[in-house]
Amino acid sequence: MPESTFAYLLVVPVLTCLVAVMLYPTLYSIWLSTQTVDLSINYWHWTGASNYVQAWLDPQVRGATVVTVEYTVYVTVLAIAVAVCGALLLNQRFKGNGFLVATAILPWSLSTYAAGVLFRYLYLPGGFLNSFVIHIDSSFTPIPFISHNLVLLSIAVAHTWQVAPLGMLFIYAALQVIPEDLYRLAKTDGMTAIGRFAHVTWPYIRLPVAIFAVLVTGEAAKAFDIIFFMSGGGPGTASLDLVYEIYRQTFVNYQLGYGAAISYGLVAIVIVISTAYFILISRRRRTEAL
Amino acid sequence: MYVGAGLLALWTFVPIYWLLAMSFMYNSEVVTIPADLYPHQPTFANYLRLFDLPAYGLSGQRLATIGQAAIVRQGWVNSLIVAVSVTALTMLLAVPLAYALGRLKFRLRSTLLFSVVTTRAYPPIAVLIPFSFLFSVVGLEGTRLALIIIYLTITIPLVSWVLTGFFAGVPLSVEKLARVDGLTRWQTFYRVMVPVAGPGIAACAVIAFIAAWNEFTFSLILTAGSSSQTFPPTLSGMFFQVADPAAMAAASILGFLPPALVALAFQKWIRQVNIVDPL
């Protein structure tokens, strides 16, 4: 049997099922985004692009977009920082290293909703963090983690806690293949620690860092359950991101068409970003391979 | 270096420690400000109350039960059934897909690989309404089967992506030798390549299990309030109904235990996962 025939034999059945299940909902929601729907009187009416126009002009959607962008930047930057630092640390030799490597995966296995639950109890006025400081200094005023100014950063830290282990372990794996001689050479050449990181370490971990960045950006832009558990989008609309706005429009206000239109805005943003990353990474890889 | 190691350990364990500690404390210790930092009189009372079993407080008084025992147990069992089914089906479908994408040469290879990845761009919220209409038409509304089908659309792309890298990493000579020995393409695939990629397949099974066990959004919209509600929405429901932090902590621990144990047991294999390879 020719190789390509065998390949199609393996690929086509699975992809057909996948497409069959995915295609209908996707087309349906695109159709839905061109409808004005009022479920209370079962009113369905084709209104073309008006949902998209309305979403574009809606200050609430604009606010939610700003929240999504701000949140995504926080999580991406924090997660990459934690992942790189954690990986560099795990790559050192010290007592207890094996234990840390083995347990690093734990936060990731608990998922974002669990991170929301855990950090909710850490952040409360009488939660662990505030209680810990009050036990040391009883005059301390509890930090309001879930307040207008801090809420996004607080949730981003929780999200970072959950997502960073993945990057940490990928980067750690990449670090382990760097020949130690390279570091020795760099040292005898008189390179500083920063210079060694930039010229020896970084070329090896650049690709895993970039791919981790793609993953995290996508996850952060789609954040919902962690916000649901930690703040419900509040206080006010301080942590109301696009996905939460879609949820509110669709399942609270029953504006099905409008919710669908906003979600296609979000899908477009995520696809553009991941395609950009994808092209960037594969082009770089090709030039490196040459 | 030890400062860094200490910080990393604190970062990983403090959130988990606190929930675990809370679950062994009495509410009176938890709700004061500042709260006790560790259980002064460790107790299983919260777990007992969760399952409507008799439990006694600090001064020997009988503590009220939570009254959610049936729902918690049901959520846990549903999560288990859904996660195990999703894991088995995902592996059955994604392993051949990943082998073809990672190993065989054919014209649409990179296009298909990219489209598999792109399905991950969808926020679940975007396809929830169509899915719920679809399920109500075919009579699967609020069933575990509906959840299993939806979760497969999440896990298959995810797992295929990771496994493609694993298959791509197996030395070409292994496959060539098998072919020279006269094995057919099918035999080469399931007798040689699947065992060689074993650790990767195991890691992917764990990833699928964890993803299915923890999924929240689809389950919240499609099964909340029904008899097939999985654990995460059960927990969110309790959050809004039960103002009892210590009991909530105990309930959360029950839900977090399976993925955490599975991840720890298989962490060696998960660590070998390399998402970079397929590109």
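The model shown is predicted, which means the values in this text are computed figures rather than measured ones. Letters go in sequence order (proteins before strands), and every chain restarts at 1.
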statement: Nearest heavy-atom contact between B:L183 and B:R179 is O-NH1, 3.2 Å

message: Between B:I150 and chain A, with a heavy-atom cut-off of 4.5 Å, which part of the residue counts as in contact: side chain, backbone, both or neither?
response: neither

field: chain A contact via B:I156 - side chain, backbone, both or neither, heavy atoms under 4.5 Å
entry: side chain

Under 4.5 Å from any heavy atom of chain A - which part of B:T153: both

- request: Using non-hydrogen atoms and a 4.5 Å limit, figure out which bit of B:L7 sits close to chain A: side chain, backbone, both or neither.
  value: neither

- prompt: Given that the side chain runs from C-beta out, which part of A:L9 has a heavy atom under 4.5 Å from chain B: side chain, backbone, both or neither?
  reply: side chain

field: Plane angle bin for A:Y24 and A:Y28 - parallel if under 30°, tilted between 30 and 60°, otherwise perpendicular
entry: tilted

- line: Cut-off 4.5 Å, heavy atoms of chain B, and the answer for A:F94 is both

Heavy-atom contact with chain B under 4.5 Å, split by part of A:P13: neither

- request: Go through the atoms of B:L37 and report whether side chain, backbone, both or neither lie under 4.5 Å from a heavy atom of chain A.
  value: both

task: Check each atom of A:V157 against the heavy atoms of chain B and say whether the ones under 4.5 Å are side chain, backbone, both or neither.
output: both

task: Measure distances from B:R103 to the heavy atoms of chain A and classify the residue's part below 4.5 Å as side chain, backbone, both or neither.
output: backbone

query: Which bit of B:V30 is near chain A, if near means a heavy-atom gap under 4.5 Å: side chain, backbone, both or neither?
result: backbone

message: As a quick check of understanding, evaluate side chain to side chain donor-acceptor pair (under 3.5 Å) for B:Y151 and B:T90, giving each step before the final call.
response: CA-CA 9 Å; B:Y151 289 177; B:T90 302; over 6 Å; no

- request: Flag the pair B:Y99 / B:F167 as yes when their ring centroid distance falls below 6.0 Å, and as no otherwise.
  value: yes

- prompt: Side chain, backbone, both or neither: which part of A:V82 has a heavy atom under 4.5 Å from chain B?
  reply: side chain

message: So for A:L110, is it side chain, backbone, both, or neither that comes closer than 4.5 Å to the heavy atoms of chain B?
response: both

- prompt: Parallel, tilted or perpendicular for B:F131 and B:F218, by the 30°/60° rule?
  reply: perpendicular

task: Using the six-membered ring wherever Trp is involved, compare the ring planes of A:F128 and B:Y17 and label them parallel, tilted or perpendicular (cut-offs 30° and 60°).
output: perpendicular

- request: Could you tell me whether A:Y8 and B:F106 have their ring centroids closer than 6.0 angstrom?
  value: yes

Side chain / backbone / both / neither for A:T217 at chain B, heavy atoms under 4.5 Å: neither

field: Heavy-atom proximity to chain A below 4.5 Å, by part of B:P258
entry: neither

task: Kindly state whether the ring of A:W161 and the ring of A:F119 have centres lying under 6.0 angstrom apart.
output: yes

field: Toward chain B, the part of A:S29 with a non-hydrogen atom under 4.5 Å
entry: both

statement: If one checks every heavy atom of A:F140 against chain B at 4.5 Å, the contacting part turns out to be neither

task: Heavy-atom distances under 4.5 Å only: say whether A:T103 touches chain B with side chain, backbone, both or neither.
output: both

message: Using 30° and 60° as the class boundaries, would you call the ring planes of A:F228 and B:F216 parallel, tilted or perpendicular?
response: tilted

query: Is chain A contacted by the side chain of B:L92, its backbone, both, or neither, given a heavy-atom distance below 4.5 Å?
result: neither

